[in-house]
Amino acid sequence: MSKFDQKYEPVIGLEVHAQLLTETKLFCSCSTKFGNSPNSNICPICLGHPGVLPVLNKKAVEFAVMMGISTNCKINRHSIFARKNYFYPDLPKGYQISQYEEPLCENGFITITGKDGTEKNIRIKRIHLEEDAGKSIHNKYDSTLIDVNRCGVPLIEIVTEPDISSPEEAYLYLMKIKQIVLYLEICDGNMEEGSLRCDANISVRLKGESKLGTKTEIKNMNSFRNVERALDYEIERQINSLEDGEEIIQQTLLWNADTDQAYPMRTKEEEHDYRYFPDPDLTPLFINDEWYNEIKNSIPELPDIRLKRFIDFYSLPQYDAEILTQDKSIADYYEMVAKNSKEYKLVSNWIMVDVMSVLNSKNITIKEFTVKPEYLSKLINLISDNVISNKIAKEVFQIMLENNQDPDVIVKEKNLIQISDEKVIIEIVNRVMESNPDQLNEYLSGKDKVVGFFVGQIMKLTKGKANPQLVNKILIEQLNNKKNNL
Ligand code: ADP
Ligand code: ZN
Ligand code: MG
């Protein structure tokens, strides 16, 4: 990165906002649907008209608690909501309902794994519930339009301790957060569309120094890669400033992906600028044992545990298990195929190579993939049982992609069953040797390379259906017979 790598170390803390997949908003029954016409999903509550009363969305609380448990947080059975006051054109209420003192979840951690396999815990300071603000749309006529549909949409904010030591670690942390919310099905994880948003806090200090340096905060990064890039940029800028004898100013910066630079937006507000106070319209939130256990029991197997199980139960290499469990739906698909087959590694190969390349080339998700898991199991079993060769299986797979047919039916109808009858293969081998006397003489004079030619001819004659292992074995036997009879 820079020539001062040995002298300084970066310190990073991330604040991630995740939009929860509830049907309705956090304190009213308006729809959270994205893309409805501007200012249509609104009511007096989310607009903060005088005299209205917010009512807390139970599902949103459950989603937040699920995230807290999944990130090893302590769940505060008693928490309160606070008003965070600030003026912003897309915040008609003039305040945002959030949690300040007594957040729902505190003191957790998640584990990230580096490329070399080293694990590191990133501590989570708090996870709280809050409502989103609206959106300002700056148009080409130099005016600004306000869409308040998003006002009141439920978010969780996940705040780390300053434990992240490099842009790569920040990237791994975000990937892990995304993976967990997708496994929990509490957020769609789409950073480009703003359902996951990240603000990065960054400072640098001399290596070995324990005091934290002055931090800046970068906003407006709409992809994980941009977070990494913005951090690289800001670390270098801060180091250069310090080397020039300048002081770091605590401020908020906006990332511009077009210029690959961050620009100052404002100097940072202090906490007291927001005039936090407990929202008088909302009672404290209590979570009793019964409700807590109900939420806890609704948590599915999490990615780290599933990864370990894939390695232990299916005897898959770490690499395969990582790829297959990255996305919950792919892992589910793998298990549905594996359930009806014995060769777990072969199933893994088919999904990692053949299925995933279809997903990539068609730009679809596994949920939109048309081949039924039962049919893929059948196809793979046809290979394991030596009914068809791997090569024929690829052809059958192409047909399955087009018409969703049962592979058993395809193999029968197209007469693709592998020829494994030794007598038949011996007969074909001899026929091929007789009709190619030149190549046969080459072999007899010591040119072993022509074996490949014969295999090719046999496969051509059988339309690829001859069992390749048997062909190789019998061909060599027959050729050697000829040699010995010379
Ligand atoms: P603020 O009052 O500016 O919101 P917080 O203490 O709430 O600051 O922390 C916000 C985020 O910034 C957290 O993720 C925290 O870990 C991180 N953070 C705090 N101080 C520093 C620092 N000096 N350098 C880097 N990150 C920091
Ligand atoms: Zn509303
Ligand atoms: Mg703060």
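Counting convention: from 1, in listed order, for ligands and their atoms alike. Each residue takes its place number in the sequence, starting with 1. Values reported hereafter were calculated over all heavy atoms of this structure, with side chains retained and with hydrogens, waters and symmetry mates removed.
- The Zn ion (ligand 2) is the vertex of the angle joining SG of Cys46 and SG of Cys43, which measures 110° to the nearest 10°.
- You'll find the ring centres of Phe81 and Tyr100 outside the 6.0 Å limit.
- Ring geometry, Tyr334 versus Tyr314: the interplanar angle exceeds 60°, so the pair is classed perpendicular (tilted spans 30 to 60°).
- Close contacts of ligand 1 with Leu212, meaning ligand atoms under 4.0 Å from a residue heavy atom, involve 23 (N).
- Of the listed residues (Arg205, Glu15, Arg126, Lys215), the one carrying the non-hydrogen atom nearest atom 21 (C) of ligand 1 is Lys215.
- Glu185 contributes no side-chain N or O that, together with a main-chain N or O of Leu182, makes up a donor-acceptor pair within less than 3.5 Å.
- Near Gly213, meaning under 4.0 Å from any of its heavy atoms, are these atoms of ligand 1: 23 (N).
- In this comparison of Glu217, Lys211, Lys125, the heavy atom closest to atom 5 (P) of ligand 1 sits on Lys125.
- Annotation: cation-pi geometry satisfied between Lys84 and Tyr274 (NZ/CZ under 6.0 angstrom from ring centroid, within 45° of ring axis).
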Which is it for Phe286 and Trp291 under the ring-ring contact (aromatic ring centres under 6.0 Å, His included) test, yes or no, and what are the steps along the way? CA-CA 10 Å; Phe286 285 103; Trp291 193 21; over 10 Å; no
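- No part of Thr214 comes within 4.0 Å of ligand 1, judged by heavy-atom distances.
- For the Zn ion (ligand 2), the set of nearby N, O or S atoms under 2.8 Å includes one belonging to Cys28.
- Near Thr160, the atoms of ligand 1 lying under 4.0 angstrom from a non-hydrogen atom of the residue are 13 (C), 14 (O), 15 (C), 16 (O).
- Each of the atoms 14 (O) of ligand 1 lies under 4.0 Å from some heavy atom of Leu14.
- Interface of Glu161 with ligand 1, defined as ligand atoms under 4.0 Å from a residue heavy atom, comprises 16 (O).
- Contacts of Val159 with ligand 1, taken as heavy-atom pairs under 4.0 Å, involve the side chain alone.
- With ring centers used as reference points, Tyr263 lies 6.0 Å or more from Trp255.
- Salt bridge annotation for Arg306-Glu335: present, with a cationic side-chain nitrogen under 4.0 angstrom from a carboxylate oxygen.
- For the pair Ile12 and ligand 1, the shortest N or O to N or O distance does not fall below 3.5 Å.
- Distance alone, capped at 3.5 Å, is enough to place a donor-acceptor pair between the Arg205 side chain and the Ser210 backbone.
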